[in-house]
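The block underneath contains the structure these notes are about, expressed in structure tokens.
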Amino acid sequence: PRGLGRFAGRGLGRAARAYARRQYHILLRVAKTAVRTQERVLREKIERNADSVFGREHGFSRIRSHADFAAHVPIRRYEELAPWVERVVGGDERALLGSGQRVLMFAMTSGSTDQPKYVPVTAAFLREYRRGWNAFGFKAVLDHPDAFMRPILQVVSPMDEHRTARGVPCGSISGLLAGRQGRTVRRFYVTPRESGAIGDAESRYYTIMRFAVPRDVGWVVTASPATPLKLARTATTYADRLIRDIHDGTLRPPGDIPDNIHKTLAARLISDPTTAKRLSTAVERNGELLPRDYWKLAFLANWTGGTLGLHLRDFPRYFGDAPVRDIGLLATEGRVSIPLEDGTPAGVLEVAGSFFEFIDAEADAADASAVHRCHELVIDQEYRVVMTTSAGFYRYDIGDRVRVRGYMGEAPIVEFLHRGAHVSSVTGEKLTEWQVTSAFDRACHAAQMAMTEFVLAPVWADPPYYRLHLDRNFASVNQFACRLDEELSRLNVEYDSKRSTGRLGPIVVNRLPEGFFGRLDGERRGTSNEQYKHQYLYTKPGDDACLPLCFAEQRIKVS
């Protein structure tokens, strides 16, 4: 957390703990007065952007209460907000934001169609985003005092994967946060910012571990739990090379690194024969190099909810008995929850950042009676999350479903369940059925084939992958699977990232008997179920157990 940096140079661990405790008590006070806090948050966002195009069109100047807000502004999905967002991307910041608001960058994440979402990051949004992370971090290190004042391994992605026509960076908000860290704070983070710009995935992971393995890492924080596993496996795979580099003070990754980045990184390295000897001894003793042998982790922090929790099965092998703290329901559009203990994806609602509303899980957003404030939720009931943020997103349905586990003061404790219907995300790829059917259609067009029925289903493995069930037998099935994989990567930036970094494996084909789906759908539809629809994307590993593995699975090598 940023605030701890002020104590780092003086070595005042006791003062750092006291500061963290004060910040946690602030979080408790805010939760106790969540209703008043939420009213203030909404008022600030409305007043700040009242003179925006969106604000004028929706009568922000006449809004005095939540009832006014709900009457003037409908709940929308991203696709419905997109026309205003596109104007901001094109340079018209006033389309969504009030005067004095400047876009620092556009954070990107996968959308439900073929276009990524662009989230305008303003100074106010960045403050709220950072504050949520700090609140999470302060409580986590209070619960794990061994993590205090020790190095942190955090994977950072570039903030400028590309730029708008007006030169505004588009990429990951983690890159912006890393770039704004002070020198003192930066000392605690072992990951070089430049590593995010390394295109070759194996070399990027190797470089991160080249800097991290020799350090006394106290905790690892990532979004997907697949990432720390990939880092650990990279160090295990290249143990001999890694130990030699640590001994010599060099950086010799398995693939290419741009010369300018390599020169910058290599200049920071020193020869460390002592650590190299310790690592070699560990390999001789255990037969392999694992993080539990070279780090004494206080904890790991990453998502644990939904299907992502399946990755945790492999954590003990690599990280021993280090506890895991969920980082909370955290979207590119803003933070929803802050977990306060290990072993659960549930966390207290982050009421000081965004304004929240919740829709009954199965209700229509247009039904006003199904929309509730945060203090009106019922324990054990499921809801969809709606946010109003400093990014210019007003009454935005983020598509996530949560269950209420309890309350802290007036703030609900919510647990992430899953994305909206027909969304699969075993590594954080957030693959939608629309994307799957669109990619399949494009692959068919490229192959000059006509197929309509198929199923794509996630499979839990090392690494996880997707199984493509086809009831057509044709010679070019391998090439078709490659094409489908390429099209999915084009349509979904998160899928592309997970595939290119090896966190998600290549597609596997299961060839079913000719006409299988026609017969199966006919049986399920029967004679009266006119509402039956073929499901093209299964969302959880094991959902396709109803489909026979009629032929040996054909693993497709996808470059």
Side-chain angles (χ1 to χ4, degrees), residues 45 49 52-55 57-58 69-70 72-97 103 106-121 125 162 164 170-171 173 329 331-334 336 354-368 370-371 383-402 418-425 428-442 487-496 533 535-537 539:
K45 288 172 172 46
N49 299 311
S52 67
V53 173
F54 189 98
E57 291 176 353
H58 292 81
F69 185 50
H72 283 76
V73 183
I75 293 173
R76 292 181 169 99
R77 298 300 301 270
Y78 181 84
E79 292 73 23
E80 298 167 292
L81 283 170
W84 287 281
V85 178
E86 289 167 2
R87 289 176 62 177
V88 178
V89 173
D92 181 11
E93 296 181 343
R94 295 286 291 277
L96 281 173
L97 306 169
V103 176
F106 290 97
M108 294 172 57
T109 186
S110 174
S112 60
T113 63
D114 59 341
Q115 296 298 319
K117 298 177 187 176
Y118 286 85
V119 180
V121 177
F125 181 84
H162 68 88
T164 68
C170 303
I173 194 172
L329 177 42
T332 303
E333 298 90 340
V336 176
S354 301
F355 179 76
F356 292 97
E357 298 166 276
F358 296 84
I359 310 170
D360 293 337
E362 305 301 336
D364 189 322
D367 179 2
V371 182
Y383 300 91
R384 305 199 310 272
V385 181
V386 176
M387 301 176 70
T388 295
T389 78
S390 290
F393 288 10
Y394 311 98
R395 302 197 84 197
Y396 168 59
D397 181 355
I398 68 174
D400 287 345
R401 183 176 293 202
V402 298
H418 56 78
R419 302 281 299 173
H422 297 182
V423 177
S424 176
S425 193
E429 67 275 15
K430 295 177 286 186
L431 200 62
T432 70
E433 190 167 47
W434 184 94
Q435 291 167 340
V436 168
T437 55
S438 296
F440 191 86
D441 184 63
R442 294 183 185 187
E487 296 296 346
L488 288 172
S489 292
R490 291 191 183 99
L491 290 173
N492 184 311
V493 294
E494 302 287 358
Y495 181 89
D496 182 52
K533 294 181 180 178
Q535 187 174 339
Y536 297 95
L537 174 66
T539 59

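FYI, the numbering just counts along the sequence from 1.
- Although no hydrogens or angles enter the test, the distance criterion places a donor-acceptor pair under 3.5 Å between the side chain of Thr388 and the main chain of Arg395.
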Q) Please walk me through it: do Arg442 and Leu491 pass side-chain contact (heavy atoms from CB on, under 4.5 Å)? A) CA-CA 11 Å; Arg442 294 183 185 187; Leu491 290 173; 3.4 Å; yes

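- The shortest distance between side-chain heavy atoms of Phe356 and Met387 falls below 4.5 Å.
- Contacts of Arg76 classified as salt bridge (charged side-chain N to carboxylate O under 4.0 Å, His left out), with partners at least two apart in sequence or in another chain: none.
- Looking only at side-chain heavy atoms (C-beta outward), Asp400 and Val336 stay at 4.5 Å or farther from each other.
- Residue Thr539 comes nearest to Ser424 through the heavy atom pair O-OG, 3.6 Å, listed as atom of the first residue, atom of the second, then distance.
- The heavy-atom pair separating Thr332 from Ala107 by the smallest distance is CG2-CB, 3.4 Å.
- With a 4.5 Å cut-off on side-chain heavy atoms, Val371 and Phe358 do not count as touching.
- The line from CZ of Phe106 to CD1 of Ile173 is 12.5 Å long, rounded to the nearest 0.5 Å.
- Between Ile75 and Glu80 the shortest heavy-atom distance is O-OE1, 4.4 Å.
- Thr432 has its side chain out of reach of Lys430: every pair of non-hydrogen atoms, C-beta onward, lies at least 4.5 Å apart.
- From Phe125, atom CZ reaches atom OG of Ser354 across 7.0 Å, with rounding to the nearest 0.5 Å.
- Taking every heavy atom of both residues into account, Val436 and Tyr536 meet most closely at CG1-O, 4.5 Å.
- Annotation: the span from Leu488 atom CG to Gln435 atom CD amounts to 8.0 Å, rounded to 0.5 Å.
- Of the possible polar contacts, none joining the Arg401 side chain to the Arg384 backbone as a donor-acceptor pair under 3.5 Å is found.
- Panel note: side chain Asn49, backbone Ser52; no donor-acceptor pair is recorded below 3.5 Å.
- At distances below 3.5 Å, at least one donor-acceptor pair connects side-chain atoms of Asn492 with backbone N or O atoms of Glu494.
- In this structure, Arg77 contributes its side chain and Asp397 its backbone to a donor-acceptor pair below 3.5 Å.
- When all heavy atoms are compared, the tightest approach of Pro116 to Val493 is CB-CG1, 4.3 Å.
- You'll find the side chain of Phe393 stays beyond 4.5 Å of the side chain of Ile398, heavy atoms only.
- Under the 3.5 Å distance criterion, the side-chain polar atoms of Tyr78 are left unmatched by any main-chain donor or acceptor of Tyr396.
- Summarising the geometry, atom OG1 belonging to Thr389 is positioned 7.0 Å from atom NZ belonging to Lys45; distances are rounded to the nearest 0.5 Å.
- Inter-residue side-chain proximity for Glu333 and Thr109 is flagged as met; some heavy-atom pair is nearer than 4.5 Å.
- In terms of heavy atoms, Tyr118 sits closest to Cys170 at CE2-SG, 3.9 Å.
- A donor-acceptor pair under 3.5 Å is formed between the side chain of Tyr394 and the backbone N or O of Leu96.
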